[in-house]
Asks: 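The following block contains the structure, expressed as structure tokens.
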Protein chains: 2
Amino acid sequence: MVRPAHTARSTRTREALRRAAVLRFLAQGVEATSAEQIAADAGVTLRTFYRHFTSKHELLFADYDAGLHWFRRALAARPADEPIVESVRVAIFAFPYDVEAITQIAALRAEALDPGRIVAHMRRVEADFAAAVAERLGLRAGVEPGRSLAVTVTARCIAAAVFGAMEFWMLGADRSLAELARLCHAALSAVEDGAVAGPFRHY
Amino acid sequence: MVRPAHTARSTRTREALRRAAVLRFLAQGVEATSAEQIAADAGVTLRTFYRHFTSKHELLFADYDAGLHWFRRALAARPADEPIVESVRVAIFAFPYDVEAITQIAALRAEALDPGRIVAHMRRVEADFAAAVAERLGLRAGVEPGRSLAVTVTARCIAAAVFGAMEFWMLGADRSLAELARLCHAALSAVEDGAVAGPFRHY
DNA sequence: TCGGGTTATGTCAATATTGTCGAAACTAGG
DNA sequence: CCTAGTTTCGACAATATTGACATAACCCGA
């Protein structure tokens, strides 16, 4: 199947669908909202809905994708001679967190999806994150994407640090942004300093 | 919904379903096989099929799950005072690779799933792999699962090494097991020696 | 062996997703 | 404005998945 993603028209319908979905979700809950309702609200067919979104639940992760897009651009904007870990750190800390919106969507996700599914999507985001880092790192080191084991592994480890910190943060009691920042910083430093396996070298 | 996963009976039906599915897939292709056919062949209802497998495609990853199970046990069998990276290395290299079967299933996957989906499943396996390592590592270091940022990040980095190597291997020309072993070894060593970000510390 | 509680299935009926094919809307050139 | 080439949509029709509730199969202790 061909997914629309080009013209102004398709952007309009996609937006209409997204808006209609959020309204319904907030008003009557995710479960109680059918894909058909969303499509009808947006004035299109059910089939068209599925041309724009892989699934009903995908709508609940639009913010993740937007964040990823933002991150990719932030990374590209960093100076080419800056250490990659530092670039990642700066980009992450500069993210314009909208705690209100994040919390709201997170509540919807928690309502509609079992933990496993949320984690699964998180993994997808992590992988895309790693890909973005690898792309940038490869560009700097002068190698083609996917052509260097070192680049691949390093990018994945950086992603592992960031998302590991995020997971750790979500499990903990202190959910403040400051705590998240602290954890990310610590995890990234560990990777940067090569201290990852260090403390556990003898376990 | 409650998923069966306990008694001998459920194991029997699950096996029957898996076997029926593989036969059909091999005989007439994945696309041309309906979930209903598989269920009928196994002598159960369609609904029961979905109680044992999340989706039709999940059957194409049964070998991954089996491998994961094998790995978890292999890891548990290693001495508690062995460095975790070494344990992982030994466990991976000891895996009883059945190249025939692996190739066959891989072909089915390639036929039925677009690359994105395959990668997505791979990520799930990687996350489970990381969880297994974290569990073992936490046990050795004497911390609760998910209670130590260092354990979380280290486990994820080890997983990143192994699966990064795997991805790299799949993209390369030399698909021999020896090459895969070499790549895994190199990637794990990099993590172990803290050389992950090292070479890129100035990029 | 006989309950009783637990677990796995069957039944039935919504939704959710996807393939196919033709029509409508949009774009660039004349 | 009109035409040809694209791209998005609508209309249908299979499957694929999931929820809810009733049954049958199993397991354990009296």
Asks: Both Gly43(A) and Arg12(B) contact DNA chain D. Taking the nearest nucleotide for each, which residue is further toward the 5' end?
Replies: Gly43(A)
Asks: Hey, is the main chain of Thr7(B) close enough, under 3.5 Å, to the side chain of Thr11(B) for a donor-acceptor pair?
Replies: yes
Asks: Show your reasoning for whether salt bridge (charged side-chain N to carboxylate O under 4.0 Å, His left out) applies to Glu15(A) and Arg12(A).
Replies: CA-CA 5 Å; Glu15(A) 255 313 290; Arg12(A) 232 177 304 131; over 6 Å; no
Asks: Just compare dT9(C), dA16(D), dT7(C) and give me whichever is closest to any side-chain atom of Tyr50(B).
Replies: dA16(D)
Asks: dA13(C) P sits how many Å from Glu36(B) CD, rounded?
Replies: 15 Å
Asks: Out of dT8(D), dC21(C), dA20(D), which has the shortest distance to the side chain of Arg51(B)?
Replies: dA20(D)
Asks: Would you find a donor on one side and an acceptor on the other, under 3.5 Å apart, between the side chain of Trp169(A) and the backbone of Cys184(A)?
Replies: no
Asks: Choosing from dC9(D), dG10(C), dT7(D), which nucleotide comes nearest the side chain of His6(A)?
Replies: dT7(D)
Asks: Using the side-chain heavy atoms of Lys56(B), tell me which of these nucleotides is nearest: dC9(D), dA16(D), dA16(C).
Replies: dA16(D)
Asks: Nearest whole Å is fine: how far is dT15(C) C1' from Leu46(B) CG?
Replies: 14 Å
Asks: From the list dT18(C), dT18(D), dA16(C), which nucleotide is the closest neighbour of the side chain of Arg47(A)?
Replies: dT18(C)
Asks: In whole angstrom, what separates Arg3(A)'s CZ from dC9(D)'s C1'?
Replies: 15 Å
Asks: Taking for each residue the nucleotide of DNA chain C bearing the nearest heavy atom, is the 5' side occupied by Val2(B) or by Ser55(A)?
Replies: Val2(B)
Asks: Checking Lys56(B) side chain against Ile38(B) main chain: does a donor-acceptor pair fall under 3.5 Å?
Replies: no
Asks: Measure from the side-chain N and O atoms of Arg175(B) to the backbone N and O of Met170(B), and report whether any donor-acceptor pair falls under 3.5 Å.
Replies: yes
Asks: Just how far, in rounded Å, is P of dT17(C) from CG of Leu17(A)?
Replies: 14 Å
Asks: Can you measure Asp114(B) atom CG to dT17(C) atom C1' for me and round it to whole angstrom units?
Replies: 14 Å
Asks: May I ask you to evaluate whether Thr45(B) reaches the phosphate of dT9(C), defined as a side-chain N or O under 4.0 Å from OP1 or OP2?
Replies: no
Asks: Closest nucleotide of DNA chain C for His52(B) versus for Ser34(A): which of these residues is on the 5' side?
Replies: His52(B)
Asks: Look at the side chain of Pro4(A) and decide which nucleotide, out of dT8(D), dT9(C), dT17(C), has an atom nearest to it.
Replies: dT8(D)
Asks: Of Thr33(B) and Thr13(A), whose nearest nucleotide on DNA chain D comes first from the 5' end?
Replies: Thr13(A)
Asks: In this structure, how many angstroms lie between the P atom of dA16(C) and the CZ atom of Phe49(A), rounded?
Replies: 9 Å
Asks: Is the shortest side-chain N/O distance from Thr48(A) to OP1 or OP2 of dG10(D) below 4.0 Å?
Replies: yes
Asks: Checking contacts here: which listed nucleotide (dT15(D), dT8(D), dT9(C)) is nearest the side-chain heavy atoms of Arg9(A)?
Replies: dT8(D)
Asks: Pick base, sugar-phosphate or nothing for Ala5(A), based on heavy-atom distances below 4.0 Å to the nucleic acid.
Replies: sugar-phosphate
Asks: Round to the nearest Å and state the distance from Met1(A) atom CE to dC12(D) atom P.
Replies: 20 Å
Asks: Can any side-chain N or O of Thr154(A) pair as donor or acceptor with the backbone N or O of Val151(A) at less than 3.5 Å?
Replies: no
